[in-house]
Amino acid sequence: MNRLKTFIWIFLITLFQSVFIEYISISEIRPDFIFIFSLCIAAKEKNIKTVMTIAVICGIITDCLTGRIFGNYLAVYLICAVIMYIIHDAMFKYGIIVSYVLIFLLTILGNSIFYIINISVLKDVGYLYSLLNIILPTAVYNTILSVILMYLISKTIFKKAGVRF
């Protein structure tokens with residue numbers, strides 16, 4: 001994997017998410033491109049150290065962008081990226097459909113962890129309301145966008161030299 005291309009991707013996705021997130025949100029459901037990127041890298045990469053490094057970088061960037069308690073996004077991104085790497089590598093070697101199902105499930109897991117972390121803020125809303133109206137639509141939105149992002153990442157970062165697609 002080319003490090004320069006990866007950092008360019010991280011910069012572009014961070015820029016895109018911070019500038020255009022309001023314009024692509026659907027009824028207050030906002031996709032998390034940085035999270036999708038870290039999961040796509042975890043699905044494609046063969047080295048756990050690289051997966052963890054990119055998840056930590058993406059988590060720190062998101063923590064800095066949101067301005068909330070530092071480390072929430074870092075922990076969730078790292079947990080979800082490692083789970084994606086372990087499950088995808090061990091059980092489903094090259095299944096692309098499995099990647100999208102895992103992105104859907106890990107988005108639900110990650111947002112549920114955020115709900116548990118921020119329970120004091122969200123206790124009036126309730127978990128069932130958050131699950132049905134925020135977490136599940138976000139998971140669907142992230143999964144749809146991950147199809148495009150996975151394709152673009154495969155074509156740029158993980159393209160093998162001399163091989164045409």
Side-chain angles (χ1 to χ4, degrees), residues 1-3 5-63 65-66 72-115 130-160 165:
M1 183 173 77
N2 191 340
R3 289 182 185 168
K5 289 181 184 178
T6 304
F7 286 113
I8 290 171
W9 262 103
I10 291 172
F11 174 75
L12 291 175
I13 288 175
T14 303
L15 185 66
F16 186 80
Q17 183 162 330
S18 61
V19 173
F20 295 111
I21 197 70
E22 295 298 323
Y23 301 110
I24 60 172
S25 65
I26 299 173
S27 68
E28 299 302 317
I29 303 300
R30 295 184 173 116
D32 191 354
F33 285 105
I34 301 172
F35 181 67
I36 298 169
F37 177 78
S38 66
L39 291 181
C40 289
I41 292 293
K44 298 294 244 175
E45 181 60 41
K46 294 175 179 46
N47 186 357
I48 187 70
K49 290 180 183 179
T50 305
V51 168
M52 292 175 71
T53 303
I54 290 174
V56 166
I57 291 169
C58 290
I60 289 171
I61 289 171
T62 307
D63 276 330
L65 286 176
T66 58
N72 286 349
Y73 287 95
L74 171 67
V76 170
Y77 283 20
L78 187 60
I79 290 167
C80 290
V82 169
I83 290 172
M84 177 71 146
Y85 175 81
I86 291 170
I87 292 175
H88 196 272
D89 189 49
M91 297 180 161
F92 311 102
K93 202 61 172 164
Y94 297 107
I96 195 73
I97 299 298
V98 173
S99 299
Y100 301 131
V101 171
L102 284 173
I103 288 172
F104 178 79
L105 294 175
L106 289 173
T107 301
I108 293 172
L109 175 69
N111 285 336
S112 296
I113 292 172
F114 284 130
Y115 179 84
S130 295
L131 179 69
L132 296 176
N133 295 322
I134 299 168
I135 296 173
L136 285 176
T138 303
V140 170
Y141 201 7
N142 280 353
T143 305
I144 292 169
L145 292 175
S146 71
V147 173
I148 299 166
L149 198 59
M150 185 81 78
Y151 175 77
L152 293 173
I153 289 171
S154 296
K155 291 292 185 181
T156 57
I157 295 176
F158 293 100
K159 184 172 86 170
K160 294 180 182 175
F165 289 98

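Just so we're clear, the structure is a prediction, and the values are computed from it rather than from any experiment. Residue numbers count from 1 along this sequence.
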Practice prompt. Assess whether side-chain contact (heavy atoms from CB on, under 4.5 Å) is satisfied between Cys80 and Thr107, documenting all intermediate values.
Written response: CA-CA 8 Å; Cys80 290; Thr107 301; over 6 Å; no

Looking only at heavy atoms, which two atoms of [X] and [Y] are closest? And how far apart?
X: Ser99; Y: Met150; result: CB-CE, 3.8 Å
X: Leu109; Y: Ile83; result: CD2-CD1, 3.9 Å
X: Ala81; Y: Ala55; result: CB-CB, 3.7 Å
X: Ile108; Y: Ala139; result: CG1-CB, 3.7 Å

Discussion item. For Lys44, is there any backbone N or O sitting under 3.5 Å from a side-chain donor or acceptor partner on Tyr85?
Written reply: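 A pair under 3.5 Å: no.
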
Worksheet item: Ignoring hydrogens and geometry, is there a side-chain-to-backbone donor-acceptor pair from Glu45 to Thr50 under 3.5 Å?
Response: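 A pair under 3.5 Å: no.
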
Side chains of [X] and [Y]: does their closest heavy-atom pair fall under 4.5 Å?
X: Asn111; Y: Phe114; answer: yes
X: Phe104; Y: Leu136; answer: yes
X: Arg30; Y: Thr138; answer: no
X: Tyr115; Y: Leu131; answer: no
X: Ile8; Y: Leu12; answer: yes
X: Ile41; Y: Met84; answer: no
X: Ile10; Y: Phe7; answer: yes
X: Leu65; Y: Thr14; answer: yes

Can you tell me how far [atom2] of [Y] sits from [atom1] of [X], rounded to the nearest 0.5 angstrom?
X: Asn142; Y: Ile135; atom1: CG; atom2: CD1; value: 12.0 Å
X: Leu78; Y: Ser38; atom1: CG; atom2: OG; value: 9.5 Å
X: Phe33; Y: Cys40; atom1: CZ; atom2: SG; value: 11.0 Å
X: Ile103; Y: Leu149; atom1: CD1; atom2: CG; value: 8.0 Å
X: Ile34; Y: Ser18; atom1: CD1; atom2: OG; value: 7.5 Å
X: Ile153; Y: Trp9; atom1: CD1; atom2: CH2; value: 5.5 Å

Practice prompt. Using side-chain contact (heavy atoms from CB on, under 4.5 Å) as the criterion, point out the one residue from Leu106, Leu102, Asp32 that pairs with Leu39.
Written response: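 Result for side-chain contact (heavy atoms from CB on, under 4.5 Å) with Leu39: Leu106.
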
Worksheet item: Checking side-chain contact (heavy atoms from CB on, under 4.5 Å) for the pair Ile36/Tyr141: CA distance, chi angles, key distance, verdict?
Response: CA-CA 10 Å; Ile36 298 169; Tyr141 201 7; over 6 Å; no

Fill in: Aromatic ring pairing Phe35/Tyr77, orientation class (parallel under 30°, perpendicular over 60°, tilted between)
tilted

Item to complete: Report, as yes or no, whether the 6.0 Å neighbourhood of atom CZ on Phe16 holds more than 12 heavy atoms from other residues, nucleotides or ligands.
Response: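 Buried by this count: over 12 neighbours within 6.0 Å.
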
